[in-house]
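Right, one structure below, let's go through it.
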Amino acid sequence: MTITNVTTNKCFGGWHKQYSHQSKTVNCTMRFTIYLPPQALNGQKVPVLYWLSGLTCSDENFMQKAGAFRAAAELGIAIVATDTSPRGDDVVDDDNYDLGQGAGFYVNATQQPWAKHYQMYDYIVDELPHIIEKNFPVLNVRAISGHSMGGHGALTIALKNPHRYCSVSAFSPICNPSNSPWGQKAFTAYLGSQKIAKNKENWLAYDACELMKKAKHFVPAKVDQGQADDFLIEQLMPENLIFAAKTSCYPLEFQYHQGYDHSYFFISSFIEQHLHFHAMNFGKLID
């Protein structure tokens, strides 16, 4: 598969590079950005942290706002950030910010007209890592993280694929989308009405709370949540995730932070803690 370099910037001794490629999974041109730490430029293969962003975001938001590169360079971690949905003139969209382009919810859509392009789960789990591991000096040692809708994506993907990830973390995730207005709207469109039994099973298969309650194989998990988050109660529902973790004795490290909201001011305040968390779990496997 051909990937095309769009931009290149040196940062903390490493390289920040944006690429585009034609995706077979989502049937359109996709874009991702990778940060390669200095260690990767000296013949050393490094582990990878995959970052999933939230509603309205692209591959650029985290890379430009999170302030993650200093720690990534010190720890020798590559970071890959992808777009949050398929995009393009031929890709179906919606007039609202919480559905369609920019709002893929990291599921495989089963309903028309969304199913042709909105296969973001398969793109994140299979196609993107294959591209990264084929074209860059990285190990097949992975972690996954995200924010809001991307936190939902990171948690569900890790919970469904514990053999593929060393660790998972999230900022302000949509923990229980089956009961969240954002999740219910997206799942109804992409997966069909939950009044149909088969569709309801699909909903629960992309719900971190439901997956964590039933988990048998554990991926170390870290979640941080701001207590001044405007979406805390209605959309994010972190207490449901805490309950799910207690139900299955899941190794969830959860922390509330007084005064912090839903923005990148919050993420940038604690991103280094998340990178150290992933580095610790990478080390358990690499060593």
Side-chain angles (χ1 to χ4, degrees), residues 1-21 30-53 58-83 123-147 150 153-154 157-158 161-171 219-222 224 253 264 267-287:
M1 180 181 293
T2 301
I3 62 174
T4 302
N5 185 218
V6 179
T7 63
T8 301
N9 302 95
K10 195 163 189 180
C11 186
F12 291 105
W15 289 101
H16 169 279
K17 298 185 177 186
Q18 186 181 62
Y19 290 86
S20 65
H21 72 99
M30 287 293 285
R31 202 172 65 187
F32 68 85
T33 304
I34 185 168
Y35 176 70
L36 292 168
Q39 295 86 340
L41 311 182
N42 299 319
Q44 178 182 340
K45 289 190 174 185
V46 297
V48 185
L49 173 64
Y50 289 87
W51 173 269
L52 309 182
S53 288
S58 71
D59 60 303
E60 295 181 337
N61 298 72
F62 175 83
M63 293 300 205
Q64 294 177 4
K65 296 180 178 181
F69 299 141
R70 183 190 300 274
E74 292 174 353
L75 296 168
I77 297 173
I79 302 175
V80 173
T82 185
D83 207 342
Y123 178 75
I124 299 298
V125 173
D126 295 318
E127 185 175 13
L128 183 61
H130 176 75
I131 293 169
I132 298 302
E133 290 163 18
K134 181 178 179 180
N135 289 281
F136 300 99
V138 301
L139 301 164
N140 62 348
V141 178
R142 315 173 194 95
I144 192 165
S145 185
H147 170 233
I157 286 170
N161 301 275
H163 59 290
R164 292 184 64 87
Y165 301 96
C166 296
S167 50
V168 58
S169 71
F171 291 89
V219 178
K222 177 178 176 62
D224 284 274
E253 178 185 326
Y264 270 87
I267 295 170
S268 63
S269 298
F270 299 98
I271 189 61
E272 292 194 2
Q273 292 182 14
H274 282 238
L275 287 168
H276 280 275
F277 169 78
H278 293 299
M280 177 183 67
N281 286 288
F282 284 145
K284 293 176 183 178
L285 183 60
I286 295 172
D287 292 344

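What you see is a predicted model, and the numbers here were worked out from it, not measured in a lab. Positions are given from 1, in the same order as the sequence printed here.
- In this structure the side chain of Leu52 reaches within 4.5 angstrom of the side chain of Thr82, judged on heavy atoms.
- Remark: aromatic rings of His147 and Phe270 are distant, center separation not under 6.0 Å.
- Side chains of His274 and Asp224: a donor-acceptor N/O pair is present below 3.5 angstrom, by distance only.
- Aromatic ring orientation, Phe136 versus Tyr19: perpendicular (interplanar angle above 60°, classes split at 30° and 60°).
- In this structure a side-chain-to-backbone donor-acceptor pair under 3.5 Å is present from Tyr35 to Cys11.
- Shown here for Val141 and Cys166, the closest heavy-atom pair between the two residues is CG1-SG, 3.5 Å.
- Of the possible donor and acceptor atoms, none in the side chain of Ser169 sits under 3.5 Å from a partner among the backbone N and O of Lys222.
- To the nearest 0.5 Å, the span separating OG on Ser145 from CG on Leu275 amounts to 8.0 Å.
- Residue Ser58 holds its OG atom at 7.5 Å from CD of Gln64, rounded to the nearest 0.5 Å.
- Under a 3.5 Å cut-off, the side chain of Arg31 and the backbone N or O of Gln18 do not form any donor-acceptor pair.
- The two residues Lys45 and Val138 come nearest to each other via the heavy atoms CD-O, 3.7 Å.
- Between Ile132 and Phe32 the shortest side-chain heavy-atom distance falls below 4.5 Å.
- In this structure, Gly76 and Pro47 approach most closely via the heavy-atom pair O-CD, 3.5 Å.
- By the 4.5 Å heavy-atom criterion applied to side chains, Ile267 and Lys65 are not counted as neighbours.
- For the pair Asn281 (side chain) and His278 (backbone), a donor-acceptor distance under 3.5 Å is absent.
- Residue Gly146 comes nearest to Ala154 through the heavy atom pair N-CB, 3.9 Å, listed as atom of the first residue, atom of the second, then distance.
- Using a distance-only test at 3.5 Å, with no hydrogens or angles considered, a donor-acceptor pair links the side chain of Gln39 to the main chain of Ala73.
- Distance alone, capped at 3.5 Å, is enough to place a donor-acceptor pair between the Asn5 side chain and the Thr7 backbone.
- Between Ile77 and Ala279 the shortest heavy-atom distance is CD1-CB, 3.9 Å.
- Residue Phe282 holds its CZ atom at 11.0 Å from OH of Tyr165, rounded to the nearest 0.5 Å.
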Pair Glu253-Gln273, side chain to side chain contact (heavy atoms under 4.5 Å, CB included): steps then yes or no: CA-CA 12 Å; Glu253 178 185 326; Gln273 292 182 14; over 6 Å; no
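- Side-chain contact between Phe12 and Glu74 is absent, with no heavy-atom pair separated by less than 4.5 Å.
- Between Phe171 and Trp51, the ring-plane angle classifies as tilted under the 30° and 60° cut-offs.
- Looking at Phe62 and Thr33, their side chains never come closer than 4.5 Å, going by heavy atoms from C-beta outward.
- Atoms CD1 and CD1, on Ile124 and Ile157 in that order, are 5.5 Å from each other to the nearest 0.5 Å.
- The structure places CD of Gln44 at 8.0 Å from CG of Leu139, a figure rounded to the nearest 0.5 Å.
- Going from atom NE2 of His276 over to atom CG of Leu75 covers 4.5 Å, rounded to the nearest 0.5 Å.
- Summarising the geometry of Ala158 relative to Val168, their closest heavy-atom pair is CB-CB, 3.6 Å, with the distance given to 0.1 Å.
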Worked check of side chain to side chain contact (heavy atoms under 4.5 Å, CB included) between Met63 and Ile79: CA-CA 9 Å; Met63 293 300 205; Ile79 302 175; 4.0 Å; yes
